[in-house]
Amino acid sequence: MKQNLIIIGAGMATGRALETLLDADPDGWNVTLFNAEPRGNYNRIMLSPVLAGDKTYAEIETHSTQWYAQNGVTCRFGEKVAAIDRAAKTVTAQNGDVLRYDKLMLGTGSTPFMIPLPGHDLEGVIAYRDLEDTQRMMDLGPQNKCVVIGGGLLGLEAAAGMAARGVDVTVVHIMGHLMERQLDEAAGYLLRRALVDKGITVKCSANSKEILGVDGHVRALLLDDGTELPCDLLVMAVGIRPNVTLAQEAGLAVGRGIHVDDQMVTSDADVLAVGECVEHNGAVFGLVAPLYDQAKVAARTLLGEADAFKQKELSTKLKVTGCDLFSAGDFADGEGREDIVFRDPARGVYRRLVIENSAIIGAVMYGDTGDSNWFFGLIRDKTDITDMRDTLIFGPAYQGGTPQDPLAAVAALPRDAEICGCNGICKGQIEDAIAAGAGDLAAIKATTKASASCGTCTGLVEQVLAVTLGDDFVLPAAASICACTDMTHEDVRRMIKSQKLMSMPAVWQECGWKTSCGCHVCRPALNFYLLADWPLDYADDPQSRFINERKHANIQKDGTFSVVPRMWGGITTPDELRAIADAADKFAVPTVKVTGGQRIDLLGVKGEDLPAIWADLNAAGMVSGHAYSKGLRTVKTCVGTDHCRFGTQDSTGLGIKLEKTLWGHGRHIS
Amino acid sequence: MSDWIDIAALSDIPRRGARVVKTHLGCVAVFRTGADDVFALNNACPHKGGPLSEGIVHGNAVTCPLHNWVISLETGQAQGADEGQVATYPAQVKEGRILLDKSVLVSRTPA
Amino acid sequence: MGSWTPHKLKLGVSGCPRNCAEATCKDIGVVCVDSGYQISIGGAAGMDVRETELLVQVATEAEVIDVIKAVTQLYRENARYLDRIYKWMNKVGLDWIKERVVDDLAERTALVARFEVSQDIYRHDPWAEHAAKQAQSYRPVADLALEAAE
């Protein structure tokens, strides 16, 4: 006798489960399929190619009306389910029909999360979830503007799809770099660059404040820095939440999603659940691969066969033409973990492998992901990579031979191999220069121009010298900034200026940094260089500053701070002195000292008291003395012509003017 | 038995930064790395007791602001040529909130 | 935030050559004389002790301010992080600096203009800003001592 199976939700997971079930047992089931969307199952992850115009809906439909008919599935599309009665084993449809089930499968999917910004309910504010949303975006053209909130996978696919249609698109992302869950900063930087090249405006670290409307329709997004981004359509793609309402009302065990065991069975033995609505061992799911695994297991469970769902490593690829990126596994830094980083600035390639216990546990790639499947296989199978470690980063084509000595590799290069891409200098020209007497890097630079421009080939040129001259050439002790790079401070400053590098990830990528995000030596230097060279474009990074500059006070050996208010040119007043004395009393300052720079130091202030003591000193008209900064400290003066019988000019007055000029108040303080 | 308590939102700590949690046995530094991992350590460098929470965070390590000792956030061990150990405490992030194990925090020996 | 520079920047202005403000061991020093102002750079009085070297003598306060803005900007744009002016000067040479801020008036004007752009951005008192907006970040993120009765 046939069993009644009711499925709620015609999505990718239930679609696959149904196929598997009917393939194995075509005659065992009476299937009724409810779907809130007025259509059957289609390949939801291909909506982005539809949006971009690369595919049509017909091409992404996975189950046609005929398929459902041929397989005897009763379709109730465009109908929601009102309730489930588990005791009676019935489902009540929206129109009041009551249907009995033997087995029930929930595939209620997820709901897009809408940030409850003021104005989120305006017409023209949509999510990116189904064909209707996609159609709204496809209706836009070159005359339209669109804002996408969310720089994750879905938001960027939406943005790229609309940009391909000529729409003026701005992506607003709250985090510091795009796709921060899948990419590190370096890959995020390359991705951003590629999207900007497609004409998309990208705003990271941007907080949305309000959606502005006119006549009930969205007109602009307001950011909390006051920027208004005009738009005809606003797409929110900030995440999804499992849709558990129906399950919850039916009394099933629910956490973030509907709880299921390894057999995809819920807390009720006759109710199964698959897809984005489930929670398995604390995890919820958004990518398609695990959903398909769940579907197969659910079908097997219905068939009475033993199977178990296992969570596996996941990988991500972005479906945007021209943005070639791949991410898999865990790529956080960590103890016992090692990075292998490869950057090819000229080709815009970045590869990073994270190794732990002789196996790859994570990978991020941008620009050349041809080998991503091979790497993903190594991650999934936890392959021991010890024997191929030295050439691992170059991919499978380089495996099988003996590990390469870098010098041997350089020696093996033909004479016409290009060494310096900027100036088009080949190995042969460098060898000739050496034969003519050039014995060091400076001489090669002077005679051939090799490594004289961007400097990234400096190491290669030195290796050519080493190979050609043998023991006569000693590779110079690296005067690099730190172990993160082979470049010197001067090299990096030149790159920042000439290549217009305006962010730290840009420097790391274009200068071939060997670590993923620098260290305490290079980060403060880079922060200064970027700030000095791009004052209008680069935002200061407090986390790359030494504590004194981050907290605007000098740390002392016991962890307390010293506070030095500015005394312009060393001049003070009774009122200022009274305020300093009052502050010293109020905050129990243990030591008050006159400094060599003609001002007063309050030593031993507790870190948490700093804002309060500053507020008191500010109230008396005093400002920071920057006794902690790499910046203007003091302008020491003598009394000059005002009082001194030897004075020739107003040295105190000039000192005050200089201090106010250099301190940064500039012309704004008289 | 562990007793996870909610300390703060992940966003209360800047990326590659730290904040302290006061306890009656001294301060615990809670770090957030560039990869959004969270670690809790005694807020005192094994060298001269420097406040590690004020250091520069890079990778899964922090550099002490007083004399540039580099401490692993995972093991609490001084890196490189320096030798020393800082106590570490269980910490985790769940749905954007930082959780510490209170049972460990209150039963530790004073710093 | 003040004008960030590669390292700290200390100035001195003495009202006569008796030099009571010790201007000639500062990063930038001005010594007033009857005919104007002697601007010298590259002094040190720390681990290294060095006397400044004369950059230029000028006649007016306005010129003093322009030359000092220009030399500060040149230092900001070219020096290695953590090099004081005297170390930077050792590398590029006093003449190289003179060429740009003394001899080439167009370059001096351009440097002053770029300095002003940077200054406009960092014009605020960081204390006032942090006291008003970031006071929270100076406090413990949580206080378990309050419930430490157990």
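Labels below follow one simple rule: chain letters A, B, ... track the order of the sequence lines, proteins then strands, and each chain is numbered from 1.
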Engineer: Under the criterion side chain to side chain contact (heavy atoms under 4.5 Å, CB included), I'd like the reasoning laid out for Leu610(A) against Val605(A): C-alpha separation, chi angles, the key distance, then a yes or no.
Structural biologist: CA-CA 7 Å; Leu610(A) 288 172; Val605(A) 179; 4.0 Å; yes
Engineer: Can you sort out the partners of Ala237(A) under side chain to side chain contact (heavy atoms under 4.5 Å, CB included), two or more places apart, ordered by chain and number?
Structural biologist: Leu154(A)
Engineer: Closest heavy-atom contact between Pro242(A) and Gly257(A)?
Structural biologist: CB-CA, 3.9 Å
Engineer: Give a yes or no answer on whether the side chain of Asp3(B) reaches the backbone of Ser103(B) with a donor-acceptor pair at less than 3.5 Å.
Structural biologist: no
Engineer: By a 4.5 Å heavy-atom criterion (distance strictly below it), what part of Pro65(B) contacts chain A: side chain, backbone, both, or neither?
Structural biologist: both
Engineer: Check whether Pro524(A) gets within reach of chain B through its side chain, its backbone, both or neither, counting any heavy atom under 4.5 Å.
Structural biologist: side chain
Engineer: Can you name the nearest heavy-atom pair linking Phe285(A) to Ile240(A), along with the distance?
Structural biologist: O-CD1, 4.5 Å
Engineer: Considering non-hydrogen atoms only, spot the tightest contact between Pro90(B) and Val104(B) and give its length.
Structural biologist: CD-CG1, 4.0 Å
Engineer: If you check both backbone and side chains, which donor-acceptor pairs between chain B and chain A fall under 3.5 Å?
Structural biologist:
| residue | atom | partner | partner atom | Å |
| --- | --- | --- | --- | --- |
| Arg16(B) | O | Gln543(A) | NE2 | 2.8 |
| Arg16(B) | NH2 | Glu185(A) | OE1 | 2.1 |
| Lys22(B) | NZ | Glu608(A) | OE2 | 3.2 |
| Glu54(B) | O | Arg550(A) | NH2 | 3.2 |
| Glu54(B) | OE1 | Lys551(A) | NZ | 3.1 |
| Glu54(B) | OE2 | Lys551(A) | NZ | 3.2 |
| Gly55(B) | O | Arg550(A) | NH2 | 3.3 |
| Val57(B) | O | Arg523(A) | NH1 | 3.0 |
| Val57(B) | O | Arg523(A) | NH2 | 3.0 |
| His58(B) | NE2 | His520(A) | ND1 | 3.4 |
| Asn60(B) | ND2 | Asp333(A) | O | 2.5 |
| Thr63(B) | OG1 | His520(A) | ND1 | 2.8 |
| Ser72(B) | OG | Glu335(A) | OE1 | 2.9 |
| Glu74(B) | OE1 | Glu335(A) | N | 2.0 |
| Glu95(B) | OE2 | Arg256(A) | NE | 3.4 |

Engineer: Which region of Val20(B), side chain (C-beta onward) or backbone (N, CA, C, O), has a non-hydrogen atom less than 4.5 Å from a non-hydrogen atom of chain A, or is it both or neither?
Structural biologist: neither
Engineer: With sequence neighbours excluded, what pairs up with Phe546(A) under the ring pair (Phe, Tyr, Trp, His ring centres under 6.0 Å) test?
Structural biologist: none
